[in-house]
2 protein chains.
Amino acid sequence: MGINERKERERDAVKDLILSAAREIFLAEGYENTSIRKIATKIEYSPGIIYNHFKDKNDLLLALHDKAFECKIEALFLSVQNMPDPLERLKATGRGYIQYGIDNPQDYELMFILSCTMEALAVKEEFWQDGAMAINMLKQNIVECMDAGYFRKDINPDEISLILWSQVHGLVSLHNKERLNIYAMEDQKAFMFRSYDVFLSMIQKSLS
Amino acid sequence: MGINERKERERDAVKDLILSAAREIFLAEGYENTSIRKIATKIEYSPGIIYNHFKDKNDLLLALHDKAFECKIEALFLSVQNMPDPLERLKATGRGYIQYGIDNPQDYELMFILSCTMEALAVKEEFWQDGAMAINMLKQNIVECMDAGYFRKDINPDEISLILWSQVHGLVSLHNKERLNIYAMEDQKAFMFRSYDVFLSMIQKSLS
DNA sequence: CAAATATATTGAACACTGTTCAATTTCAAA
DNA sequence: TTTGAAATTGAACAGTGTTCAATATATTTG
């Protein structure tokens, strides 16, 4: 069935063409300005072709997200996995998260802010899996911090993980949505990282 | 000049008509589904009329926001102002913020997530003032917590204020955008408030 | 090779969107 | 009653996502 294989390859090639054109526009002009017609024009196809490969625009955006960032969060955890000290590892994870978020605002929005991402049921499970995996790695790290005496041991790791995630997500999203402008800070990014460091120093158990 | 006054009253009446119709649609169907034509149809006017009262759609949404929530954040601070213990006051402020955010997701989005809100330069200053005032009250509260021995005194209140804001904003926005679904929690809201309490207990200076 | 079949692709059409603006209506002042 | 200014209209423009009958292309069958 070599012919069918070739056909499938050709189909996938068109799909990839759509995706890469969409990604270019998405990164350059943002979510709202990525239109079906713009994508179609860019790849010199008719607008209708997109609906042969994707259910609707949400579906396309989701595929975009999945294709490029499938393991982005996991990669973040993997990149710090060889750090021996659990607290240093936790710190580095959070800093990496913040850095990624402010360096890739469009992707960050797709991942953690836009509702359309959550609307496509098909991808939900995948997100669930990736997300649950990330949360697990975070909890693992938290438990290690407890064992090493950095954190109190009487707290549920679930709650600490949410605290940590909320903190970094809060920082990134306030920054990306320009809400940190109410602070008359010369260097907002430095202010964020400073605050994050202070945050981590505050939630530690004080030496007894 | 009684006639001019009446005319101005009539003008304002139409403006209010637009705003209340817009608010109804906005709350019922969200930002994206609030269209100029829907508003115009609801108040039985032509679409063009809206542009006699507002520069564009952003301007209208901003007026909506300002009208209903001008002092919402300040009211939050005022409602807890009579609490004697600064830490209890801080706790209550945060809880109130979270509660407000999850009870009024559309308004919360308008205030802290949507970019269109930040785009209308005219309102920026107003937001700046309200925001700066809120931040100041928060910092004031933080200093009191320091003085009362709840927090370490070697930290800049600016940084603590950002930590606190990021935390509650992170919780609210992750919740409202359905990202907390990756936690298989029966009661997400209870989980949030529990985490917030733990957060506050963790950032306190341990008794020496 | 020709006809039948299946698939890929088109582009016009539909119902919407925000916004503009010349034309019209409304109404107080001269 | 005419004048002038303001409020209001509604058609038009350029754009949006989406659908679908028609068409082109390529493969399989007779």
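If you're wondering where the values come from, they're calculated on a predicted model, not measured in any experiment. To find a chain, count down the sequence lines: A is the first, B the second, and so on, and within it residues start at 1.
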- Task: Just jot down the side-chain contact (heavy atoms from CB on, under 4.5 Å) partners of A:N156, sequence neighbours excluded, or say none.
- Result: A:D158, A:E159

- Decide yes or no for A:M202 and B:I155: does some side-chain heavy atom of the first lie under 4.5 Å from some side-chain heavy atom of the second? yes

- Item | All salt bridge (charged side-chain N to carboxylate O under 4.0 Å, His left out) counterparts of A:K91, not counting sequence neighbours | A:E88

- Could I get the full list of ring-ring contact (aromatic ring centres under 6.0 Å, His included) partners for A:Y108, not counting sequence neighbours? A:Y97, A:F112, A:H169

- Message: Per the ring pair (Phe, Tyr, Trp, His ring centres under 6.0 Å) rule, what does the pair list look like for residues 16-60 of chain A, sequence neighbours excluded?
- Response: none

- Note on the structure: Residues at least two apart in sequence or cross-chain that pass salt bridge (charged side-chain N to carboxylate O under 4.0 Å, His left out) with B:R95, listed by chain then number, are B:D197

Sort me out a list of protein N/O and nucleotides 12-16 of chain D N/O pairs below 3.5 Å, or just none if empty.
unit_1	atom_1	unit_2	atom_2	d
D:dA12	N6	B:R37	NH2	3.4
D:dT16	OP1	A:S35	OG	2.8

- Message: Side chains of A:I39 and A:I50, heavy atoms from C-beta outward: is any pair under 4.5 Å?
- Response: yes

- Item | Among B:I113, B:I102, B:L171, B:N104, the one residue meeting side chain to side chain contact (heavy atoms under 4.5 Å, CB included) with B:N176 | B:I102

- Task: Send over the distance from B:R9 CZ to D:dA7 P, rounded to a whole Å.
- Result: 15 Å

- Query: Quick one: do the B:S161 and A:Y183 side chains pair a donor with an acceptor below 3.5 Å?
  - Reply: yes

- Note on the structure: Residues of residues 42-54 of chain A with a heavy atom under 4.0 Å from any atom of DNA chain C, listed by number, are A:Y45, A:S46, A:G48, A:I49, A:N52

- Message: I'd like to check the ring-ring contact (aromatic ring centres under 6.0 Å, His included) partners of A:F193; sequence neighbours left out, ordered by chain and number.
- Response: none

- Would you mind reporting whether A:K42 and A:R37 have side-chain heavy atoms less than 4.5 Å apart? no

- Return the value, rounded to whole Å, for the distance between atom CZ of B:R11 and atom C1' of D:dA7. 8 Å

- Query: Does a side-chain heavy-atom distance below 4.5 Å link A:Q167 with B:F199?
  - Reply: yes

- Task: Round to a whole Å and report the spacing from CG of B:L60 to P of C:dG18.
- Result: 10 Å

- At what angle, to 10 degrees, do the two end axes of the helix from C:dT5-D:dA26 to C:dT26-D:dA5 meet, given five pairs define each axis? 30°

- Query: In residues 14-29 of chain B, what residues come within less than 4.0 Å of DNA chain D, judged by heavy atoms?
  - Reply: none

- Message: Distance check needed: C:dG18 P versus B:K55 NZ, whole Å only.
- Response: 15 Å

Do any N or O atoms of the protein come closer than 3.5 Å to N or O atoms of nucleotides 22-30 of chain C, and which pairs are they?
unit_1	atom_1	unit_2	atom_2	d
C:dA28	OP1	B:R6	NH1	3.4

- Item | Pair A:K177 + A:E109: basic N to acidic O under 4.0 Å | yes

- Determine, for A:D107 against A:R23, whether the closest basic-nitrogen to carboxylate-oxygen distance falls under 4.0 angstrom. yes

- Does B:V143 have any side-chain contact (heavy atoms from CB on, under 4.5 Å) partners at least two apart in sequence or in another chain, and if so, which? B:D147, B:P157

